Amino acid sequence: MAIGRLAPGVRPDELEPRAADAAALLTTLEASSVNLVGGQARITVRFSADEDDLARQIGEHVAASTAASAEVTEWWITKGPGSRWKRLPS
């Protein structure tokens with residue numbers, strides 16, 4: 001997810017755990033991280049999902065949960081084994 005402005009009273013260090021917790025409510029959480037890409041914060045939440053539709057539903061839940069704390073300017077799902085990740089169509 002690409003992150004914009006934070007909601008009033010939300011600290012930057014609170015976002016990643018909130019996003020990870022949202023995924024963990026629905027599936028197995030594998031990892032999460034925050035990076036800066038082109039000067040914009042991005043939160044990555046890696047989780048398990050057996051089907052593409054289920055992955056999209058989980059992604060929607062994570063993005064909506066995060067949007068309660070910060071502006072989510074874009075989000076997407078990537079799928080793949082190892083280093084060969086591909087973006088799923090929305």
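Given the structure is predicted, the values throughout are model-derived calculations rather than measurements.
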Closest non-hydrogen atoms of R11 and L6, given as atom of the first, atom of the second and distance, are C-CD1, 4.1 Å

For A55 and I77 the tightest heavy-atom approach is O-CD1, 3.5 Å

D53 bridged to R56 by N-O distance under 4.0 Å: yes

Dump the intermediate steps for side-chain contact (heavy atoms from CB on, under 4.5 Å) on R42 and V34, then the final yes or no. CA-CA 6 Å; R42 287 197 185 166; V34 176; over 6 Å; no

In short, salt bridge (charged side-chain N to carboxylate O under 4.0 Å, His left out) pairs touching residues 57-75 with sequence neighbours left out are E74-R87

The reported gap from OG1 in T27 to CZ in F47 (rounded to nearest 0.5 angstrom) is 7.0 Å

*Close side-chain approach of W76 and L88, heavy atoms under 4.5 Å*: no

### Query
More than 12 heavy atoms of other residues, nucleotides or ligands under 6.0 Å from CG of D13: is that the case?
yes

So CE of M1 and CD of E16: to nearest 0.5 Å the spacing works out to 9.5 Å

Does the pair H61 and L25 meet the rule for a side-chain contact (heavy atoms from CB on, under 4.5 Å), with working shown? CA-CA 10 Å; H61 173 73; L25 285 174; 4.2 Å; yes

Looking only at atom types and distance, does a side-chain atom of Q40 sit under 3.5 Å from a main-chain N or O of V37, one as donor and one as acceptor? no

One should read off an interatomic distance between S65 OG and L26 CG, to the nearest 0.5 angstrom, of 8.0 Å

Checking the side chain of T73 only, and the main-chain atoms of A2 only, is there a donor and an acceptor separated by less than 3.5 Å?
yes

L29 and A24 have their tightest heavy-atom pair at CB-CB, 4.2 Å

Closest heavy-atom pair, V62 versus A19, reported as atoms and distance to 0.1 Å, is CG1-O, 3.8 Å

| said: Can a side-chain donor-acceptor contact be found between S48 and E30 if the only test is distance below 3.5 angstrom? | reply: yes

Residues A7 and A68: closest non-hydrogen pair is CB-O, 4.2 Å

dist I3:CD1 -> T66:OG1 (nearest 0.5 Å) comes out at 6.0 Å

